[in-house]
Amino acid sequence: MKFTVVGAGAMGYRYGVLLQDAGNQVEFVDTWKPNVEKVRQQGGVFVSRDHQNRQLVPVKLFYPEEYHGNPDVWIFFTKQMQLADFLKRTAHCFNDQQYALTCMNGMGHVEKLLKYFKPAKLLAGTALVATVLNGPGDVDFIGARGAGTMNLANYTEKPDEMTHKVVAELKKAQFNPNLTTNFMGTLMAKVVFNSVVNTLCTLFEITMGEFASYSGADELSRQLINEAYDVCERAGVQMLNTRQAELDSINYVSKVANPLHYPSMYQDMSHNRPTEVDYINGYLVKLGQKYNYAATTHAFLTHLVHLAEHTRQQNAVKTHNK
Ligand code: NAD
């Protein structure tokens with residue numbers, strides 16, 4: 001199958017390189033110049049697994065404007081706030097036959113993708129795996145091969161033949177895909193998870209294990225889960241898990257599966273890049289407003305993350321001017 005990955009960052013490289021390893025024809029499109037130039041200069045991307053076995057993997061990487069490929073499936077792995085620009089710059093290659101697959105965090109991407117792809121061609125989901133971009137052309141896949149999982153669903157909630165073919169390729173590449181027929185429930189499960197763990201760990205610059213070791217962690221999680229579920233229920237989203245199961249999942253991932261992991265939002269904050277908080281906690285706030293429900297804790301946390309971003313920016317300017 002032919003895949004083109006849009007957004008050659010941490011997750012774009014992970015999906016693209018592993019699908020390429022599994023025998024697919026894969027190309028990449030990216031806009032970050034240092035990344036594109038580095039890959040061209042070194043002849044590929046350096047890939048490590050859990051900080052070890054760093055090796056060069058040849059990849060074909062293009063700027064959107066110079067790309068003219070016609071993949072069967074586009075895979076979108078940009079940050080939420082980058083997507084509109086990527087879509088606009090790559091649109092000359094899109095056509096009605098192609099499928100779009102994405103496992104980006106947060107919400108905001110679906111409506112943007114639907115401006116370019118038919119509902120029947122859109123597959124979206126969640127990736128339960130961590131990947132770190134060390135820098136341009138250098139990526140670290142966290143976790144043993146085949147360790148992560150992913151969920152995905154058709155926007156129409158009606159899997160077709162192509163959906164099953166895509167799932168088969170994802171299986172071959174060991175992404176452990178789980179196909180559901182509950183689109184919003186699948187996406188919102190991760191939004192709720194991230195709205196607790198990513199946001200709190202980022203604010204306090206702690207690992208998931210450090211968060212879970214705090215005696216009040218369950219109480220914090222419960223308050224955020226309850227508000228998020230209150231919003232989702234009003235919006236008619238059929239949640240995959242009960243509130244308790246969501247809390248159990250947060251505890252399992254934080255205590256057992258990934259205690260040493262800093263969530264990806266923290267990685268953005270620590271590199272002074274904007275976070276996706278507006279698309280996670282902020283999304284819950286906006287969805288709540290639509291149904292006259294005030295998700296005040298999520299609103300407060302969204303502000304706190306922006307305050308932390310703002311403070312870091314100011315400190316960076318102060319250091320620069322010294
Ligand atoms: P990323 O930041 O590594 O890459 C996204 C884009 O940003 C790429 O185009 C990349 O070239 C560019 N980029 C990277 N560093 C940059 C810099 N310093 N300056 C300018 N541009 C830069 O993003 P990601 O971690 O691959 O995330 C993509 C999506 O997947 C997001 O929605 C994220 O929340 C989600 N996600 C990430 C992980 C993870 O562990 N990284 C896990 C699950 C889901």
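Atoms within a ligand are numbered from 1 in the order they appear, just like the ligands themselves. On a predicted model such as this, the values are computed, not experimentally measured, just so you know.
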Heavy-atom closest pair, residues Leu87 and Phe117: CD2-CE1, 4.5 Å
Compute the minimum heavy-atom distance from Met150 to ligand 1 and say whether it is under 4.0 Å. no
Under 6.0 Å from the CZ atom of Phe86, do we count more than 12 heavy atoms belonging to anything else shown? yes
Give a yes/no on ligand 1: does Gln82 have at least one heavy atom closer than 4.0 angstrom to it? yes
Using heavy atoms and a threshold below 4.0 Å, how should the contact between Arg14 and ligand 1 be classified: side chain, backbone, both, or neither? neither
Out of Asn134, Asn35, Thr78, who gets a non-hydrogen atom closest to atom 28 (C) of ligand 1? Thr78
Would you mind running through ligand 1 and noting each atom that sits below 4.0 Å from a heavy atom of Phe86? 9 (O)
Once you restrict to heavy atoms under 4.0 Å, what part of Val129 touches ligand 1? Side chain, backbone, both or neither. backbone
Considering Ala127, Gly9, Ala130, Gly12, which one's heavy-atom position lies nearest to atom 10 (C) of ligand 1? Gly9
Treating Ile, Leu, Val, Met, Phe, Trp and Tyr as nodes and any side-chain heavy-atom pair under 4.5 angstrom as an edge, say whether Tyr99 and Val167 lie in one connected cluster. yes
For Gln238, is there any backbone N or O sitting under 3.5 Å from a side-chain donor or acceptor partner on Asn182? yes
Please work out whether the ring planes of Phe94 and Tyr116 are parallel, tilted or perpendicular, with thresholds of 30° and 60°. perpendicular
Element-labelled atoms of ligand 1 that are located less than 4.0 Å from some non-hydrogen atom of Glu276: 31 (C), 32 (O), 33 (C), 34 (O)
Residues passing the side chain to side chain contact (heavy atoms under 4.5 Å, CB included) test with His92, sequence neighbours excluded, are His68
For atom 30 (O) of ligand 1, the closest protein heavy atom turns out to be Phe77 CD2, 3.5 Å
For Tyr279 and ligand 1, answer yes if some heavy atom of the residue is under 4.0 Å from a ligand atom, otherwise no. no
Does only the side chain of Ile142 get under 4.0 Å from ligand 1, or the backbone, or both, or neither? Count heavy atoms. neither
With respect to atom 26 (O) of ligand 1, which of Gln267, Met11, Met104 exhibits the smallest heavy-atom separation? Met11
What protein heavy atom lies closest to atom 25 (O) of ligand 1? Include the residue and the distance to one decimal. Ala10 CB, 3.6 Å
Show the numbers, then the answer: is there a ring-ring contact (aromatic ring centres under 6.0 Å, His included) between Phe28 and Tyr13? CA-CA 8 Å; Phe28 296 81; Tyr13 279 135; 5.7 Å; yes
The atoms of ligand 1 lying under 4.0 Å from a heavy atom of Lys190, numbered in the order shown, are 43 (C), 44 (C)
For ligand 1, the portion of Gln80 having any non-hydrogen atom under 4.0 Å away: neither
Per-residue contact class, Arg273 against ligand 1 - non-hydrogen pairs under 4.0 Å: side chain
Is there a path of hydrophobic side-chain contacts, each under 4.5 Å between heavy atoms of I, L, V, M, F, W or Y residues, that connects Tyr155 with Leu187? yes
With the 4.5 Å side-chain cut-off for hydrophobic clustering, are Leu128 and Met239 part of the same group? no
Under 3.5 Å, is there a donor-acceptor pair between the Thr275 and Glu309 side chains? yes
Distance from atom 40 (O) of ligand 1 to nearest protein heavy atom, with residue and atom: Thr131 N, 2.8 Å
Compare every heavy atom of Glu227 with every heavy atom of Ala295, then report the nearest pair and how far apart it is. C-OE1, 3.2 Å
Aromatic ring pairing Tyr15/Phe77, orientation class (parallel under 30°, perpendicular over 60°, tilted between): tilted
Would Leu133 count as being in polar contact with ligand 1, using the rule that some N or O on each side must be under 3.5 angstrom apart? no
Mind checking whether Trp32 contacts ligand 1 via backbone (N, CA, C, O), side chain (CB onward), both or neither, at a 4.0 Å heavy-atom cut-off? side chain
With clusters defined by side-chain heavy atoms of hydrophobic residues (ILVMFWY) lying less than 4.5 Å apart, directly or transitively, does Ile206 cluster with Tyr266? no
Please work out whether any backbone atom (N, CA, C, O) or any side-chain heavy atom from C-beta onward of Asp30 is under 4.0 Å from ligand 1, and answer side chain, backbone, both or neither. side chain
In the protein, what heavy atom is nearest to atom 44 (C) of ligand 1, and what distance, to one decimal place, separates them? Asn105 ND2, 3.3 Å
Any idea which protein heavy atom is nearest atom 1 (P) of ligand 1, and the distance to it? Lys79 NZ, 3.6 Å
